[in-house]
Amino acid sequence: MKPDSSPIKSPKVKKEDKASKKRKSLESEDEDFKPVSKAKKAKKEVKKEKKGSDKKGSASSGTESSPKKRVKKEKEEEREVWKWWEEEKKDDGVKWKTLEHKGPVFAPPYEPLPDNVKFYYDGKQMKLAEETEEVATFYGKMLDHDYTTKDAFNTNFFRDWKKVMTKAEKEVITDLKKCNFKEICEYFKMKSEERKAMSKDQKKEIKEANEAITKEYGFCIIDGHKEKIGNFRIEPPGLFRGRGEHPKQGMLKRRVQAEDIIINCGKDSEIPEAPKGHKWKEVRHDNQVTWLASWNENIQGQTKYIMLNAASKLKGEKDWAKYEVARKLHKCVDKIRANYHEDFKSKEMRIRQRAVALYFIDKLALRAGNEKEEGETADTVGCCSLRVEHTKLYEEKDSKPYVVEFDFLGKDSIRYTNAIPVEKRVFKNLELFTQNKQPSDDLFDRLNTTILNKHLHDLMEGLTAKVFRTYNASRTLQEQLNLLTDPDDPVASKILSYNRANRAVAVLCNHQRAVPKTFAKSMQNMMTKIEDKKKTIQEAKRNVKDAKVDYKQSKSEKNRSNLDRKKKILERLEEQLQKLEVAATDRDENKDIALGTSKLNYLDPRISVAWCKKFDVPIEKIYNKTQREKFRWAIDMATAEFQF
DNA sequence: ACTAAGACTTGGAACAATCTTA
DNA sequence: TAAGATTGTTCCAAGTCTTAGT
């Protein structure tokens with residue numbers, strides 16, 4: 001489970017890889033594209049700019065390009081960056097003072113199929129009414145997808161499709177199996193090929209049009225600062241794709257109109273204009289919330305929101321606060337652990353259940369596990385909603401005592417399997433909890449997330465079940481980094497160590513992914529490369545040997561330098577081989593593990609930033625551009641000494 | 001106390017852009 | 001230079017937790 005505690009030493013890497021260089025140059029162009037904001041903002045932020053903003057770390061980016069350009073770039077940044085983290089923050093529920101935006105972008109209207117693309121029912125061609133056809137295209141587009149093989153999906157789709165059919169259509173189309181969507185499917189595939197095959201100019205045109213939309217609708221002005229919106233496009237209509245065995249999969253997600261949308265903006269701001277001939281459902285001015293627009297989605301009846309980008313103040317501040325709560329937990333976690341250990345022995349069943357559940361949440365980073373409405377969603381569980389059937393108890397397994405085996409579907413129907421030895425008291429309690437119960441009964445029948453969180457709140461202000469996940473994730477990263485990083489390693493090896501630490505967290509949080517389709521092949525490629533390298537090494541070794549012989553025979557300067565040269569070549573090759581092997585290992589270890597979620601949501605960025613600063617690893621190696629924007633607060637404030 | 005609604009975070013897959021390779 | 005691989009971005013579903021309503 002845990003990564004090797006001995007970091008793999010890999011050779012020194014002198015050259016910076018091409019990829020990152022190219023990326024860098026692109027980024028600087030991007031900076032220039034950024035919108036220029038008002039002048040009054042500029043002076044306010046300039047004064048906040050610190051003197052020695054960046055001492056090291058940028059050393060490797062060398063190049064020092066042309067001084068002129070650098071100056072210009074820095075100026076832009078000064079003007080743009082809102083260092084909100086240096087401002088005082090209030091906790092009064094007011095999220096903003098002023099908020100102005102242009103409203104959401106709607107999905108493009110339906111474009112009817114050309115006449116040569118036909119739909120057939122029972123072998124006979126059939127022209128569908130526009131709305132019927134639109135819904136048919138939703139299905140046709142998904143013909144190659146696994147979804148269309150599922151009964152629930154097909155049943156739900158057909159039911160909803162019939163609802164939009166004309167009376168006449170309804171009478172004819174009575175069996176989904178007799179529907180032929182082939183040409184529709186082909187048509188959209190062809191369209192997508194066409195798009196890919198477009199000329200450079202055409203692509204550029206489209207790109208520019210998109211950028212223009214983003215420029216207009218992708219930003220808002222909040223408290224005098226221009227900030228990116230996260231999702232300013234309304235979700236287009238389509239077929240609902242639930243995860244796992246979702247009972248509602250295939251249902252028609254209807255088109256959202258202005259009449260469905262509530263706009264939220266400042267009282268004195270300009271109200272966004274609804275599309276021609278339309279009116280907003282409502283315009284309100286609620287500064288206790290962070291969303292700009294919302295609507296109700298028709299599948300689950302949930303509210304959907306348009307909110308700010310992760311790099312915004314509103315999101316960043318919340319993120320920062322989240323990690324501060326987790327750090328606070330660090331200070332009292334010993335006490336809390338002692339506390340639930342005590343509770344294992346409680347006379348009250350509900351207390352014991354609470355204690356054991358908390359033990360799992362703490363030890364295994366399980367999610368809280370709210371109840372869900374049956375039949376509305378896929379059958380998934382978290383800690384508090386575990387059922388008897390999700391665990392197996394073994395007095396002894398693999399020569400370990402008191403093993404609990406978990407097997408259940410968690411969030412997004414991702415399977416969680418784990419067999420862990422637990423303390424005897426926990427084990428005995430679990431036996432007690434399962435006594436006289438059916439497999440489908442709740443394991444913790446006296447517990448739910450509300451009860452658990454209420455208790456946690458008493459233990460520490462702001463403490464909830466999910467804080468343990470954040471806490472243990474960040475803690476694991478910090479510990480693994482401390483353990484794995486060798487200051488004498490070259491950057492590449494340090495990064496491998498970082499990835500391994502990150503991986504340990506992803507494993508803890510059960511962040512899985514489907515093995516990439518190209519995995520086997522790309523692994524194969526790496527292996528052949530390694531084999532090739534080994535062969536060249538053999539050759540190089542022979543060369544060294546020969547040179548040695550020559551040198552022994554005649555200790556001339558020429559032979560000596562030749563030997564040295566051959567040795568150098570061999571050394572280089574061996575370094576390259578190691579690097580390849582390390583990369584292969586890294587990839588293999590990572591094939592079914594997703595690092596993104598933990599990096600973005602669970603790991604205090606200050607840990608990573610501090611690590612980079614301490615070990616002279618450029619931050620770009622760890623965070624890409626978007627991530628750097630999101631974590632700007634951490635990059636700016638964390639010093640090498642920061643410890644979680 | 002209980003439920004439902006609301007607000008916000010977390011999650012993997014799909015899609016798009018870019019890079020590498022044959 | 002097109003195809004294939006890799007990386008970055010968008011999408012939107014599915015959680016958590018709080019608040020409002022009864």
Side-chain angles (χ1 to χ4, degrees), chain A residues 17-23 26 93 95 141-142 145-146 192 195-197 203 206-207 210 214 230-236 238 240-244 246 248-249 253 262 264 286 288-291 294 296-297 299-305 307-310 314-315 318-319 322 367-373 376-378 380-385 409-414 448-454 456-457 462-467 469-470 473 506 509-514 516-519 521-523 525-526 529 587 592-602 623-627:
Chain A
D17 57 310
K18 263 192 238 162
S20 89
K21 249 184 212 161
K22 193 142 201 176
R23 242 174 270 135
L26 279 173
K95 303 292 166 52
K141 282 176 186 170
M142 291 178 73
H145 203 288
D146 227 27
S192 123
R195 225 174 315 122
K196 271 184 233 160
K203 281 185 183 166
I206 291 175
K207 203 176 163 189
N210 270 326
T214 305
N231 56 324
F232 54 89
R233 283 170 208 277
I234 300 285
E235 293 172 17
F240 176 77
R241 301 149 94 116
R243 318 265 165 81
H246 196 116
K248 297 191 171 186
Q249 62 189 110
K253 205 167 74 158
I262 302 172
N264 191 35
D286 183 355
Q288 305 278 110
V289 296
T290 68
W291 52 267
S294 73
N296 241 39
E297 154 270 340
I299 304 285
Q300 323 244 34
Q302 308 260 314
T303 321
K304 298 257 184 173
Y305 302 93
M307 289 186 186
L308 293 181
N309 181 276
L314 243 27
K315 295 288 186 192
K318 201 86 189 292
D319 208 35
K322 172 180 76 184
R367 295 186 187 83
N370 285 306
E371 300 102 299
K372 307 163 71 184
E373 217 175 323
E376 295 292 299
T377 60
T380 63
V381 298
C383 187
C384 293
S385 51
L409 296 183
K411 182 178 179 183
D412 293 316
S413 292
I414 300 287
N448 61 38
T449 55
T450 312
I451 296 169
L452 178 63
N453 279 335
K454 203 161 275 168
L456 292 177
H457 206 91
L463 188 61
T464 62
K466 89 196 251 289
V467 177
R469 230 167 120 81
T470 311
C509 294
N510 198 39
H511 290 144
Q512 302 181 23
R513 61 168 179 173
K517 291 174 288 294
T518 55
F519 175 77
K521 200 192 250 174
S522 91
M523 210 57 196
N525 289 152
M526 288 181 113
K529 265 187 193 164
R587 173 156 319 193
D592 55 357
I593 297 175
L595 300 185
T597 298
S598 51
K599 203 172 192 175
L600 242 40
N601 300 302
Y602 287 104
Y623 290 139
N624 68 29
K625 187 175 166 239
T626 316
Q627 294 163 344

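Letters A, B, ... mirror the listed sequences (proteins, then strands); counts begin at 1. Since this is a predicted model, take the numbers as computed values, not measurements.
Rounding to whole angstrom units, OH of residue A/Y305 and C1' of B/dA7 are separated by 4 Å. Rounding to whole angstrom units, CG of residue A/N601 and C1' of B/dG11 are separated by 8 Å. Atom pair A/Q288:CD and B/dA7:P shows a separation of 11 Å (rounding to whole Å applied). A/R587 has its CZ atom 8 Å from the C1' atom of C/dA5, to the nearest Å. Rounded to an integer number of Å, the gap from A/N210 CG to B/dA16 P is 11 Å. Spacing between atom CE of A/M142 and atom P of B/dA14 amounts to 9 Å, rounded to whole angstrom units. Here C/dC12 presents its P atom at 13 Å from CZ of A/F232, a figure rounded to the nearest Å. One interatomic measurement links the two molecules: CD of A/E373 to P of B/dA4, which rounds to 6 Å at whole-angstrom precision.
For A/K322, the salt bridge (Lys or Arg N to Asp or Glu O under 4.0 Å) criterion is met by A/D319, not counting sequence neighbours. Among residues two or more places apart in sequence or in another chain, the ring-ring contact (aromatic ring centres under 6.0 Å, His included) test is passed with A/Y602 by A/H511. Residues satisfying the salt bridge (Lys or Arg N to Asp or Glu O under 4.0 Å) criterion with A/K207, sequence neighbours excluded, are absent altogether. The salt bridge (Lys or Arg N to Asp or Glu O under 4.0 Å) check on A/E235 picks up A/K253, A/K304, with sequence neighbours excluded. By the side-chain hydrogen bond (donor to acceptor under 3.5 Å, both in side chains) test, A/N231 is found to be paired with no residue, residues two or more places apart in sequence or in another chain being considered. Residues meeting the ring-ring contact (aromatic ring centres under 6.0 Å, His included) test with A/H145, sequence neighbours left out: A/Y147. With sequence neighbours excluded, the residues forming a side-chain hydrogen bond (donor to acceptor under 3.5 Å, both in side chains) with A/N370 are A/T449, listed by chain and number.
Closest contact between the side chain of A/R195 and the listed nucleotides C/dG8, B/dT10, B/dA16 involves B/dA16. Nearest to the side-chain atoms of A/M307 among the listed nucleotides B/dG12, C/dC12, B/dT9 stands B/dT9. Among the nucleotides C/dT6, B/dC8, B/dA14, the one closest to the side chain of A/H145 is B/dA14.
Considering only side-chain N and O atoms, A/K315 lies nowhere under 4.0 angstrom from the phosphate OP1 or OP2 of B/dC8. Remark: A/S522 is not in phosphate contact with C/dA5, judged by side-chain N or O atoms under 4.0 Å from OP1 or OP2. An OP1 or OP2 oxygen of B/dG12 is reached within less than 4.0 angstrom by a side-chain nitrogen or oxygen of A/T597. Phosphate contact (OP1/OP2 of B/dG11, side-chain N/O of A/Y602, threshold under 4.0 Å): present.
At the heavy-atom level, A/K454 lies nowhere under 4.0 Å from the strands shown. Note on A/K196: nothing from the nucleic acid sits closer than 4.0 angstrom, heavy atoms only. Within 4.0 Å (heavy atoms only), A/I299 reaches no atom of the nucleic acid at all.
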- [ ] Check step by step if side-chain contact (heavy atoms from CB on, under 4.5 Å) holds for A/R367 and A/K466.
- [x] CA-CA 6 Å; A/R367 295 186 187 83; A/K466 89 196 251 289; over 6 Å; no
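Judged purely by distance below 3.5 Å, without hydrogens or angles, the side chains of A/K372 and A/T380 pair a donor atom with an acceptor atom.
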TODO: Mark up nucleotides 13-22 of chain C, 5' to 3', with B wherever a protein heavy atom is under 4.0 angstrom from a base atom, S wherever such an atom reaches only the sugar-phosphate, and - elsewhere.
DONE: SBSBBS----
Open item on the list: Could you write out DNA chain C as dot-bracket? Rules: Watson-Crick or G-U wobble, both distances under 3.5 Å, brackets [ ] for crossings, | for pairs with another strand, dot for unpaired.
Closed with: ||||||||||||||||||||||
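Applying the 6.0 Å contact sphere to NZ of A/K529 captures no more than 12 heavy atoms from other residues, nucleotides or ligands.
Both A/N525 and A/S294 lie near DNA chain B, and the one whose nearest nucleotide falls closer to the 5' end is A/S294. When each of A/T518 and A/R233 is assigned the nucleotide of DNA chain C bearing its nearest heavy atom, the one mapping closer to the 5' terminus is A/T518.
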